[in-house]
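Sequence lines set the chain letters: A, B, ... in the order given, protein chains first and strands last, and positions in each chain run from 1.
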Amino acid sequence: MSVKQAQSLGKLILLPALFGLLISSTSVWEILLRPAFPHLENLVYSRAPLWELVVQHANMVAVSSTLATLVGTGLGVFVTRSRGREFLPVVNSLVSMGQTFPPVAVLAVSVPMVGFGYKPTIIALFLYGLLPIVRNTISGLESVGPEIHEAAQGMGLTAVQTLFRVEVPLALHVIMAGIRTSVVINIGTATIGATIGAGGLGVPIIAGLNSDNPAFILQGAVLSGLFAILVDAGMNRAERGAVPSAQE
Amino acid sequence: MIELQQVNKFFGDTPAVLDFSLVVEEGELCCLIGPSGCGKTTTLKMINRMIETTSGSIRVGGRGITELKPHELRRSMGYVIQSIGLFPHMTVMENICVVPRLFKWERGRAKSRAMELLELFDMPPDRFKDKYPRELSGGQAQRIGVARALAGDPDILLMDEPFGALDPISRANLQRQFLRIQSELHKTVVFVTHDVDEAVRLASRIGLMQDGRIVQADSPERMLSLPRNDFVERFIGSERSLKRLSRLRVQDAMRAASGSDSSFRGVEGSDVPASDCFSASGNPNAISSPHGKSGEEDPGPVLDSGSDLRLALALLLQHGRQRLPVRDENGRIQGELRLLDLLGV
Ligand SMILES: Nc1ncnc2c1ncn2[C@@H]1O[C@H](COP(=O)(O)OP(=O)(O)O)[C@@H](O)[C@H]1O
Ligand SMILES: [Mg+2]
């Protein structure tokens with residue numbers, strides 16, 4: 001068995017199994033963490049079951065990432081059409097500026113506008129997740145050479161046919177990479193939702209910070225990290241299954 | 001038939017094509033030549049409306065090109081470019097089937113059309129149909145480029161320096177192959193090139209352009225023998241007579257063999273294998289060496305009656321011969337070509 005196969009087996013079977021175990025059973029955490037924190041009274045976060053926090057977390061990520069994907073790819077397509085090309089420089093600089101903007105700052109801006117809880121978190125995640133998708137959609141579509149465009153036009157493909165039959169298939173790999181990056185970033189960033197009461201895996205982290213309980217912090221951090229790795233591997237696999245020729 | 005009448009094109013205030021009139025008859029292969037920047041590409045792209053004219057009219061098959069939607073117009077014409085532009089995510093088969101799919105042909109029909117075209121270009125379908133463009137050589141890729149342009153069986157083919165990026169050998173091969181295919185299909189072709197030799201070899205008519213205007217439109221023979229002005233003469237170059245030879249075939253200038261007293265040289269020791277030259281029914285007189293000198297000197301190659309006189313002249317000079325035997329397509333010796341006879345053509 002090669003290293004690569006071993007890695008993919010790990011990602012496919014071992015990691016999901018571990019993740020499942022960690023969110024369903026508190027005794028596993030006891031076994032893992034007790035030796036490190038022998039004197040800690042509350043070792044496992046118990047005000048809400050961990051799986052419930054995972055569901056909240058997944059919900060925030062799914063909603064914000066779906067929105068970001070729809071809007072981001074749409075925006076990327078728009079600014080690479082002849083009608084939207086005048087906006088391309090603006091969007092490009094917004095995207096590179098946006099990435100230097102910390103997500104907490106987005107949260108701080110959106111709370112006064114829409115209040116606490118779920119909504120501002122979704123807005124922050126959506127805005128933050130938009131950036132890599134727009135950037136990769138643009139660079140993927142722009143990488144389609146002028147000779148390809150000329151051939152497509154000369155053969156009588158309409159603009160829409162050129163987009164869907166030629167440009168998107170050629171850019172798909174890069175666009176998908178942007179979506180994956182966005183989702184992974186969002187899984188990490190979604191933990192800040194807990195600071196404004198949106199739930200999710202940030203909850204034990206915040207609780208741990210407040211009550212000086214490193215075990216709680218570890219639980220939130222380990223679970224959101226594992227969650228990000230799992231989702232990334234899953235999306236990678238789904239993409240390879242869907243477009244075999246996009247690899248190579 | 002393609003008719004351009006007093007077509008003008010300005011990019012802003014800059015003229016690119018001026019007062020351009022030309023009729024390309026059905027089945028004609030018209031080459032547009034001229035120095036870089038003289039407006040060849042612009043002219044070609046106005047025919048399929050990838051560039052709109054500033055003024056003037058273009059008619060294709062009797063209808064104004066603005067009567068159709070641009071993409072419909074383009075589907076009725078093949079379009080081939082130097083950079084080929086095969087779609088990298090599609091196999092050879094899928095690339096060829098793009099236009100048939102736009103026409104909504106049923107799958108079987110599109111596929112068999114693609115097979116037919118691959119055969120036509122001497123690319124065995126079993127070997128090539130599932131390849132991706134990156135697996136093809138430049139010459140193979142451009143063959144697919146031309147095949148793809150022919151897939152929807154258009155009457156018209158627009159080609160912009162299609163063989164310009166190929167090495168000389170593949171270019172010559174593709175030119176030959178394209179001529180053969182054109183003699184079967186009789187498409188109406190507008191072929192842009194800056195290579196005079198290519199134009200002379202391929203064209204039934206040449207339109208020479210300078211600064212957006214057409215300077216002379218004539219058959220290659222007339223253009224070579226009666227250049228209208230200094231520019232034409234300079235552009236065609238100092239090898240006019242050689243270029244004319246490339247329009248003529250060996251069979252046009254050779255002397256036919258007369259019975260058994262042939263004085264043709266044999267082919268033993270030549271660089272053409274005998275099995276290549278003679279069919280089983282080959283003329284035995286031609287094989288034996290009448291002077292009995294075989295092996296003592298280079299007997300020289302055998303010319304093909306169908307090859308062009310420029311090549312024949314090169315071979316005569318290269319082998320230092322006054323004459324060389326000529327064989328027909330069956331490999332039978334037909335006659336001979338004499339150096340002095342080339343002076344008369
Ligand atoms: N899209 C364009 N915008 C402005 N000028 C152009 C454009 N396309 C071509 N030109 C100009 O028009 C002239 C003719 O160009 P072109 O038809 O491409 O020449 P050729 O194909 O003979 O080399 C050139 O001077 C070129 O710079
Ligand atoms: Mg050009």
A.B. asks: With a 4.5 Å heavy-atom cut-off, do B/K45 and A/E150 have their side chains touching?
C.D. replies: yes

A.B. asks: Are more than 12 heavy atoms from other residues, nucleotides or ligands located less than 6.0 Å from atom CZ of B/F10?
C.D. replies: yes

A.B. asks: Identify which one of A/V144, A/L170, A/I148 satisfies the side-chain contact (heavy atoms from CB on, under 4.5 Å) criterion when paired with B/F87.
C.D. replies: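 When A/V144, A/L170, A/I148 are each tested with B/F87, the side-chain contact (heavy atoms from CB on, under 4.5 Å) holds only for A/I148.
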
A.B. asks: Over all heavy atoms of both residues, which pair between A/A151 and B/G85 is shortest? Give the atoms and the distance, please.
C.D. replies: CB-O, 3.3 Å

A.B. asks: Salt bridge check: are A/R165 and B/E94 linked by an N-O gap of less than 4.0 Å?
C.D. replies: no

A.B. asks: Given a strict heavy-atom distance threshold of 4.5 Å, which part of A/A159 is in contact with chain B: side chain, backbone, both, or neither?
C.D. replies: neither

A.B. asks: Which bit of B/K69 comes within less than 4.5 Å of chain A, counting heavy atoms only: side chain, backbone, both or neither?
C.D. replies: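 Neither part.
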
A.B. asks: Which bit of B/L73 comes within less than 4.5 Å of chain A, counting heavy atoms only: side chain, backbone, both or neither?
C.D. replies: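 Neither; nothing under 4.5 Å.
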
A.B. asks: Does A/R85, at its CZ atom, have more than 12 non-hydrogen atoms belonging to other residues, nucleotides or ligands within less than 6.0 Å?
C.D. replies: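 Yes.
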
A.B. asks: Got a sec: does the CD of A/E147 have more than 12 other heavy atoms crowding it under 6.0 Å?
C.D. replies: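 It does: A/E147 CD has more than 12 such atoms within range.
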
A.B. asks: Checking heavy atoms, do the side chain of B/L86, its backbone, both or neither come under 4.5 Å from chain A?
C.D. replies: backbone

A.B. asks: Which heavy atom of A/P169 sits nearest a heavy atom of B/H89, and at what distance?
C.D. replies: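 Heavy atoms of A/P169 and B/H89 come nearest at CB-CD2, 3.4 Å.
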
A.B. asks: Is it true that, when you exclude B/H194 itself, more than 12 heavy atoms of the residues, nucleotides or ligands shown sit nearer than 6.0 Å to its NE2?
C.D. replies: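 Not more than 12 within 6.0 Å, no.
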
A.B. asks: If the contact rule is any heavy atom under 4.5 Å from chain A, which residues of residues 101-114 of chain B qualify, in numerical order?
C.D. replies: B/R101, B/L102

A.B. asks: Determine the minimum heavy-atom distance between A/Q153 and B/R74, stating which atoms define it.
C.D. replies: O-CD, 3.0 Å

